[in-house]
Amino acid sequence: SYGQEGDISSAGNIYAQLFNAQGIKVGNEFRVNNNTSDMQQNPRIIPLRSGGFTITWSTTHVSGGYDVFGQDFNSSGGKLTGDFIVNDTISGDQHNEGLAQIVYSDDEVNSLTEGTTTANRIAVFQSDDTSGHGIFGQSFIGLGHVGNGEFQVNTNESGNQHSPVIDSLRGCSDGCQKWRHAVIVW
């Protein structure tokens, strides 16, 4: 949104509003991003089993490209972290992100409570590779902590790969409700 809070000096911010199951607003709308000096756009959201949620978005950076940032929230829309950067690569553009949650064990499922989530989340995004654009990912565990480094999803780097979408897949032999895998398409 541009100028939503009356400040037309910022390039744009991301806002959110909670609703109940009947479509009635819960609380007030709130600004997602802390940084208000750059353009924030293309938000994505995933729910967490704790009732909270994670939002990611693209934001411009000093060199003129884009980075992917995230923010974790509790079920009331309260911020649990500050803005955190999802991508490791900072040159060029990283944008068009997607999100999914992966839960591996019963211990993780049981620990998904407000403020202590250990849920694995994977963000995927478009970034520069050797021949144009490729699809990259980053996992993050807990509140605002990125994982083991950025990884490239696509193996064929010729041409441009763009607009990634990710979703988690449930499945285990005992009928559990854990999300054990993800599929990424582009």
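When reading the values below, keep in mind they use all heavy atoms of this one structure, side chains included, and skip hydrogens, waters and symmetry mates. Numbers for residues simply follow the sequence, beginning at 1.
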How far apart are the closest heavy atoms of [X] and [Y], and which atoms are they?
X	Y	result
D129	G134	OD2-CA, 3.3 Å
L18	S75	CD1-O, 3.5 Å
G132	N160	CA-OD1, 3.2 Å

[X] side, atom [atom1]; [Y] side, atom [atom2] - distance, nearest 0.5 Å:
X	Y	atom1	atom2	value
F53	D72	CZ	CG	9.5 Å
Q152	T130	CD	OG1	7.0 Å
F84	N34	CZ	CG	11.5 Å
N154	Q126	CG	CD	10.5 Å
I14	N35	CD1	CG	11.5 Å

Flag the pair [X] / [Y] as yes when at least one side-chain heavy-atom distance between them is below 4.5 Å, and no otherwise.
X	Y	answer
W186	V124	no
D128	H133	yes
E150	F125	yes
W57	N42	no
R31	T36	yes

> Are the side chain of T60 and the backbone of M39 linked by a donor-acceptor contact shorter than 3.5 Å?
Replying inline: yes
> Judged by atom type as modelled, is there a donor-acceptor pair below 3.5 Å linking the side chain of Q161 to the main-chain atoms of I135?
Replying inline: no
> For D83 and N33, does a side-chain donor sit closer than 3.5 Å to a side-chain acceptor?
Replying inline: no
> Under 3.5 Å, is there a donor-acceptor pair between the T59 and Q40 side chains?
Replying inline: yes
> For Q17, which residues count as a side chain to side chain donor-acceptor pair (under 3.5 Å) partner, sequence neighbours excluded?
Replying inline: none
>> Determine whether the aromatic ring centres of residues F30 and F73 are separated by less than 6.0 angstrom.
In response: yes
>> Going by the rule side-chain contact (heavy atoms from CB on, under 4.5 Å), which residues pair with N20 if we only count those two or more places apart in sequence or in a different chain?
In response: Q22, I24, V26
